[in-house]
Amino acid sequence: MIDFTPFMLSFKLAFVTTVILFVVSLPLSWYLANTTSKIKPFLETITALPIVLPPSVLGFYLLWALSGNSVVGQFFEDNFGISLVFNFTGLVIASCFYSLPFMVQPLQGGFESLNKNMLEASYLAGKSRLITLLRVAMPNIKPSLLSAIIVTFAHTVGEFGVVLMIGGSIPNETKVASVAIYEMVEVMDYENAHIYSAIMLSMSFVVLLSVYLFNRSYKKRIGV
Amino acid sequence: MIEIDIEKKFPQIELRVKLDVENGSFVAVSGNSGSGKTTLLRILSGLEEARGVIRVDEDTWLDNKTYKAPQLREIGFVFQDYALFPNMTVEENLLYVKKDKSLAKELLEIVELSEFKDRYPQNLSGGQKQRVALARAMMSRPKILILDEPLSALDSSMRKKLQDEILILHKKFNTTSFLVSHDVSEIYRMCDRVVVLDSGKIIKDGTPKEVLLKTSGSQKFSFEGELLEVVKADVIYVAIIAIARQIVEIVISKDEAEKLQVGQKVRVGTKAFAPEIFV
């Protein structure tokens, strides 16, 4: 009998991360798309860093910043009685850093592709930036919204290095599917490794295919 | 009364405009591209910042301590590229500005698009889109209507139709209107004042008649055109010139033919005869 707990854990992690990142990234990417400020390149660099950094580097810094010996870790231990490493909370925090660019970049690209005159027409109609974002900008970048959400979700399901460093491999707590596969291979349990890997592969394929199919039909519908 | 006295520096030009406009007038803003027409109107609507003063009636929109946000300026703006909201139907585009169904209905009737109210913008022609944009701009009952080359992408019959509709709306809603345009006949038909900009400064300001009639109403013809070709026919030379949408042939002398260059802007005129009008 296959134990599906690692998969459930992966999906729970991916779901929570995607929700948090969506809420955080919307205003951030909207700001980045509209600003001409000098700090824009710096913000863009910081958000893009997780793409180029080895997961072990990111994991090491997060471990250092969140552990009980650090200011942040100490603060949470003393005030809320929670530890931020080697548990699910730690995984969520780490995943939010790790997957941030996969949410911000498609959203920013979508916002930047919008007709600026259209946004100005909304401002001149007396609408605030927030109303314009919700009623004009977001409905007109549906493919970017979908890409951002799906790719962030999928990328979080697929992460390995960072979760291993922050979470370790505690069953039912931090042992996600990718970590489980790694351990199976380590103990030469190839049969289960095959099954787990095949499940991951086929799910990823289906998810990505549905994104591309949606974008294709959307473009056809609005006649681009 | 709208009082504008603004300046803004760019790498190439410095925009410095002082302009007082009576309420209810229809002002054409003309000039070469890069002369600052669009920037001036964007500053008036608050989409671009500038130094100086803008006062509308008793209300200060801009001075060294005030900057009224575009949201609060009560301006209707029609963009050259329509700038409709693709995720909304024609009617929703209007209602987005203001939830006033009866006004939306009335405006759609004026621009003759009532039957298209449930269509999405991508299923409309260019002329229809621009009429939706015009109706949408009037939904807030703006004090000022700004039209940034709204008709330049349309064919001549659609232009005329839209010109009429713009005039109807301008009068009905008693707006002060600004039209960016290069089209002399359009300006003549629609506007009671023309302001010509060059490199960010006003170089001409007056009624269309004063500014546009180059021959000051004498019985002479003079048209600007572009020399397309000089053809030698036996002993004479024929210059082929494009004037507006017509091609004309003019007989010229050998000396003239040698001086002219293809592509050159030329004036074709004639003197001392009584013109007749053919209908």
Side-chain angles (χ1 to χ4, degrees), chain A residues 22 26-27 29-31 33-40 106-149 211 214-224, chain B residues 38 41-49 61 68-89 92-100 104 119-124 129-130 132-150:
Chain A
F22 186 70
L26 260 187
S29 48
W30 179 236
Y31 172 77
N34 287 308
T35 186
T36 48
S37 157
K38 287 195 182 80
I39 62 164
K40 180 181 172 177
L107 291 180
Q108 187 187 342
F111 288 140
E112 280 172 352
S113 72
L114 288 172
N115 178 356
K116 292 277 174 292
N117 289 346
M118 183 179 79
L119 302 178
E120 287 171 348
S122 172
Y123 301 143
L124 289 167
K127 308 300 177 199
S128 66
R129 281 187 170 266
L130 181 66
I131 297 290
T132 304
L133 168 67
L134 296 176
R135 291 192 54 198
V136 176
M138 281 174 65
N140 287 308
I141 59 157
K142 277 186 198 141
S144 305
L145 288 176
L146 185 78
S147 298
I149 290 170
V211 174
F214 172 83
N215 285 355
R216 198 171 99 125
S217 72
Y218 182 85
K219 278 180 189 156
K220 257 192 195 153
R221 195 151 41 92
I222 66 160
V224 178
Chain B
T38 299
L41 296 179
R42 287 174 61 83
I43 290 169
L44 176 60
S45 34
L47 296 173
E48 266 182 58
E49 291 179 19
W61 285 7
K68 195 170 188 179
Q71 280 92 340
L72 304 172
R73 291 195 183 193
E74 297 169 75
I75 279 187
F77 204 117
V78 178
F79 294 89
Q80 190 177 359
D81 65 357
Y82 324 125
L84 297 173
F85 309 124
N87 57 314
M88 303 178 201
T89 62
E92 286 166 354
N93 263 278
L94 270 62
L95 293 177
Y96 176 78
V97 179
K98 200 172 173 208
K99 282 208 169 49
D100 184 342
R119 286 223 199 164
Y120 284 90
Q122 53 270 27
N123 301 322
L124 299 175
K129 282 182 195 168
Q130 199 54 295
V132 177
L134 179 64
R136 183 182 67 180
M138 303 310 294
M139 277 302 285
S140 56
R141 297 179 181 275
K143 271 187 198 158
I144 297 176
L145 176 64
I146 295 177
L147 304 141
D148 189 1
E149 295 191 54

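No hydrogens, no waters, no symmetry mates; every other heavy atom, side chains included, goes into these values. Quick note on labels: first sequence line is chain A, next is B, and so on, each numbered from 1.
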Interchain contact, Ile131(A) with chain B, by part (heavy-atom threshold 4.5 Å): both
Within the 4.5 Å heavy-atom criterion, are Met139(B) and Tyr96(B) side-chain neighbours or not?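 Contact flag for Met139(B)/Tyr96(B) side chains = no.
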Any side-chain heavy atom of Tyr123(A) sitting closer than 4.5 Å to one from Thr132(A)? yes
Exercise: identify the closest heavy-atom pair between Ser37(A) and Thr35(A):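 Ser37(A) and Thr35(A) have their closest heavy atoms at N-OG1, 2.9 Å.
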Please walk me through it: do Val132(B) and Tyr82(B) pass side chain to side chain contact (heavy atoms under 4.5 Å, CB included)? CA-CA 8 Å; Val132(B) 177; Tyr82(B) 324 125; over 6 Å; no
For [X], which atoms come within 4.5 Å of any heavy atom of chain A: side chain, backbone, both, or neither?
{"X": "Ser140(B)", "value": "neither"}
{"X": "Met88(B)", "value": "side chain"}
{"X": "Phe79(B)", "value": "side chain"}
{"X": "Tyr120(B)", "value": "neither"}

Do Asp148(B) side-chain atoms and Gln80(B) backbone N/O form a donor-acceptor pair below 3.5 Å? no
